[in-house]
Structure formats: structure tokens, C-alpha cells
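Both backbone and side-chain heavy atoms feed into the values below; hydrogens, waters and symmetry mates do not. These numbers come from a predicted model, not from an experiment.
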Amino acid sequence: MNIINVNNLNFKYDNNLVLNNVNFTLPEGSRLLLVGSNGSGKTTLLKILAGKHLLSYQNSVVIFNEPTYSTKLNYERQLIDLNWGLRTVAFAGNNIPYVADIKVKNMMSDLQEKYPERKQILLDLLEIDLEWRMHQLSDGQRRRVQIFIGLLRPVKLILLDEITNVLDITCRERLLTWLLNESINNKVTIVYSTHIFDGLNDWYTDILCLKNN
């Protein structure tokens with residue numbers, strides 16, 4: 001069964017054509033490696049798959065037999081990208097998850113309680129201390145917390161945009177191994193955009209290369 005169907009996808013920012021006639025399908029349990037130079041449209045494509053951009057033709061991107069912007073997909077997919085914590089919150093300030101004095105154990109506490117086994121696996125995998133306070137962490141530690149929060153709830157489609165860049169080698173390898181097992185054992189489909197290809201020779205099932213223009 002195909003989870004993702006992309007047919008003649010075109011996308012513009014104003015008059016700048018970013019994606020031109022993109023076509024691909026992705027079956028259940030696949031691991032797609034999304035590659036391309038800076039500005040080739042990788043992040044834009046991931047945002048479209050995550051339902052964050054409206055499309056002129058609703059059937060050009062279909063996920064689980066639903067248009068990509070359908071709210072029915074909210075609990076079926078998860079996008080983890082570099083924009084976490086980079087938004088302004090009214091009456092609070094900028095970059096709130098990064099600078100707020102909050103402990104990891106208090107973040108998304110309902111999800112942490114709902115999935116205790118998955119929580120512990122991810123804590124061990126990412127070497128996270130629940131007593132960590134967000135405003136005291138390094139970039140790598142913050143990224144680990146972001147991944148932890150993003151993967152707490154089981155989903156059928158995981159979209160990853162350059163999120164392993166600041167992880168150390170051993171943490172990155174453990175994460176990729178866990179994602180591989182999620183794909184094989186739980187039929188989770190993964191789209192992973194990265195410029196770091198070490199250790200990926202036997203990881204992906206499909207590869208999609210986007211080119212500028």
C-alpha cells in the first residue's frame with residue numbers, strides 16, 4: 001500500500017518556482033533519503049508532506065488517501081525540523097522552548113505519561129536527563145529533547161529535516177537504528193533529509209534527489 005502519492009507537484013513562493021513536476025510514490029514501511037543542494041526544495045517538500053502549505057491542486061499530494069492538508073492526518077504524521085523553538089509567543093518572548101526555564105519532565109507531560117515504555121526507550125537512546133532545564137542546555141542537548149518530544153507519540157509517517165546535524169556520532173547512530181526498527185517492525189514510513197551520509201548505505205530503501213531549477 002502506498003502511503004505517499006505525489007503527482008505532478010509544482011510549488012511557488014510568489015513567482016519563484018521551487019518544485020517543478022515532482023512525482024513519486026512511497027509504500028508503507030519505506031525509508032526515503034531526501035537529498036539535494038541548498039535551495040533545491042527539500043524543506044519545502046517536507047512542509048508540503050506535513051500539510052503546512054496549501055496546494056492549488058489538492059490531489060497532487062495524497063497521504064493515507066487524504067489530501068496532505070487534511071486535519072485527519074494530524075495524528076498520523078510528525079514533522080521534526082530546525083524551526084523548533086524559533087517562534088515568537090505573545091506576552092512571553094522569542095525562542096520560548098530554548099530559553100524558558102522548564103524541565104524536560106514537564107514538557108508534554110500528558111504524552112510522557114501516556115507512553116511510558118516508549119518514553120524510557122527514547123530517554124535511554126538520546127541520553128536525556130528529565131531534570132535538564134531547557135535554558136541551560138547546549139544546542140545538541142536541545143536537539144535531543146526536540147527529537148524526544150517529537151517521537152513520543154507513535155505515528156505512521158515521520159518527516160525529518162536535517163535534525164541530526166548537531167548530534168554526536170554515537171547518538172545519531174542509535175537514533176537511525178531505532179528509526180530503522182520502527183520502519184521494519186511497525187511499518188512506519190520515514191522521509192529523512194540530510195547532508196550527512198555516513199552510515200546510511202544500508203539504511204534507506206529509496207532515494208529522491210532534488211535539483212535546483
Side-chain angles (χ1 to χ4, degrees), residues 1-6 24-34 42-55 61-87 96-98 104 107-126 128 134 141-167 171-172 174-194 200 203-206 208:
M1 179 181 70
N2 286 333
I3 298 300
I4 298 175
N5 291 276
V6 177
F24 69 93
T25 60
L26 205 59
E28 183 181 50
S30 297
R31 299 175 299 281
L32 175 68
L33 188 61
L34 180 60
K42 300 187 300 298
T43 294
T44 298
L45 177 57
L46 285 170
K47 287 184 176 180
I48 290 173
L49 295 177
K52 295 186 179 297
H53 288 309
L54 288 177
L55 301 175
V61 180
V62 176
I63 299 176
F64 299 108
N65 296 319
E66 296 284 344
T68 185
Y69 55 79
S70 172
T71 56
K72 294 180 181 179
L73 300 174
N74 287 354
Y75 292 98
E76 299 293 338
R77 63 186 169 189
Q78 178 67 50
L79 170 66
I80 304 177
D81 62 14
L82 299 180
N83 291 324
W84 189 67
L86 300 181
R87 296 176 178 82
I96 295 306
Y98 280 11
V104 176
M107 300 177 71
M108 305 296 288
S109 56
D110 289 347
L111 281 181
Q112 293 194 43
E113 292 178 4
K114 188 173 182 179
Y115 303 105
E117 293 184 9
R118 189 178 179 91
K119 166 187 171 180
Q120 193 57 54
I121 290 173
L122 289 170
L123 288 174
D124 294 341
L125 162 73
L126 298 166
I128 291 173
M134 292 303 297
Q141 289 172 320
R142 289 167 182 158
R143 186 67 65 211
R144 293 183 189 193
V145 174
Q146 178 194 4
I147 295 170
F148 167 64
I149 296 298
L151 296 178
L152 258 179
R153 185 181 71 237
V155 292
K156 288 299 182 181
L157 174 61
I158 298 175
L159 308 168
L160 306 171
D161 189 8
E162 302 282 359
I163 52 91
T164 60
N165 291 0
V166 295
L167 299 181
C171 182
R172 177 176 173 273
R174 289 196 302 268
L175 176 62
L176 289 174
T177 300
W178 183 83
L179 290 168
L180 176 65
N181 291 330
E182 277 287 282
S183 173
I184 294 173
N185 298 328
N186 298 322
K187 302 299 182 183
V188 176
T189 303
I190 302 170
V191 181
Y192 176 36
S193 170
T194 185
L200 291 177
W203 186 87
Y204 64 89
T205 59
D206 302 88
L208 176 63

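- L200 places a side-chain heavy atom less than 4.5 Å from the side chain of L176.
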Inset, instruction - Start with the C-alpha distance between Y115 and R153, add both sets of side-chain angles, then the distance that settles side chain to side chain contact (heavy atoms under 4.5 Å, CB included), and finish with yes or no. - result: CA-CA 7 Å; Y115 303 105; R153 185 181 71 237; 3.7 Å; yes
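- Rounding to the nearest 0.5 Å gives a distance of 9.5 Å between OG1 of T194 and NZ of K42.
- Looking at V6 and I48, their side chains never come closer than 4.5 Å, going by heavy atoms from C-beta outward.
- Between atom CD of residue Q78 and atom CD1 of residue I147 there is a gap of 11.5 Å, rounded to the nearest 0.5 Å.
- When all heavy atoms of T68 and A50 are compared, the pair lying nearest together is OG1-N, 4.3 Å.
- Closest heavy-atom contact between R118 and L151: NE-O, 2.7 Å.
- Minimum interatomic distance between E76 and K72 (heavy atoms only, all atoms of both residues): CG-O, 4.1 Å.
- Between L126 atom CG and I121 atom CD1 the span is 11.5 Å, to the nearest 0.5 Å.
- The number of heavy-atom neighbours closer than 6.0 Å to CG of D206, taken from other residues, nucleotides and ligands shown, is above 12.
- In this structure, the side chain of K156 does not engage the main chain of Y75 through any donor-acceptor pair within 3.5 Å.
- Note: I163 CD1 to L79 CG = 10.0 Å, rounded to the nearest 0.5 Å.
- At least one donor-acceptor pair under 3.5 Å links the side chain of T189 to the backbone N or O of G29.
- Taking each heavy atom of L49 and R77 in turn, the nearest pair found is O-NH1, 2.8 Å.
- In this structure, V104 and M134 have side chains that are in contact, with non-hydrogen atoms separated by less than 4.5 Å.
- Among L32, T205, L160, the single residue meeting the side chain to side chain contact (heavy atoms under 4.5 Å, CB included) criterion with I190 is L160.
- M107 places a side-chain heavy atom less than 4.5 Å from the side chain of V145.
- Side-chain contact between L125 and L175: present, with at least one pair of heavy atoms (C-beta onward) separated by less than 4.5 Å.
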Legend entry - Verdict with supporting geometry, V191 and L45, side chain to side chain contact (heavy atoms under 4.5 Å, CB included): CA-CA 10 Å; V191 181; L45 177 57; over 6 Å; no
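- Annotation: side chain of Q112 is in contact with side chain of F148 (closest heavy-atom distance under 4.5 Å).
- Nearest heavy atom pair, residue L46 against residue S193, reads CD1-CB, 3.7 Å.
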Legend entry - Chi angles and distances behind the side chain to side chain contact (heavy atoms under 4.5 Å, CB included) call for L73, F64: CA-CA 8 Å; L73 300 174; F64 299 108; 3.7 Å; yes
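- The CG atom of D161 sits 6.0 Å away from the CG atom of D81 when rounded to the nearest 0.5 Å.
- S109 OG to K114 NZ: the interatomic distance, rounded to the nearest 0.5 Å, is 13.0 Å.
- The shortest heavy-atom contact between H53 and T44 is CD2-O, 4.1 Å.
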Inset, instruction - Run the numbers on K119 and L152 for side chain to side chain contact (heavy atoms under 4.5 Å, CB included), then give the verdict. - result: CA-CA 6 Å; K119 166 187 171 180; L152 258 179; 3.8 Å; yes
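- Counting heavy-atom neighbours within 6.0 Å of F24 CZ, excluding the residue itself, gives a total above 12.
- You'll find the side chain of Y192 stays beyond 4.5 Å of the side chain of L179, heavy atoms only.
- Side-chain contact of R143 with Q146: a donor-acceptor pair under 3.5 Å is present, judged by distance alone.
- Between R144 and L167, the closest side-chain pair of non-hydrogen atoms falls below 4.5 Å.
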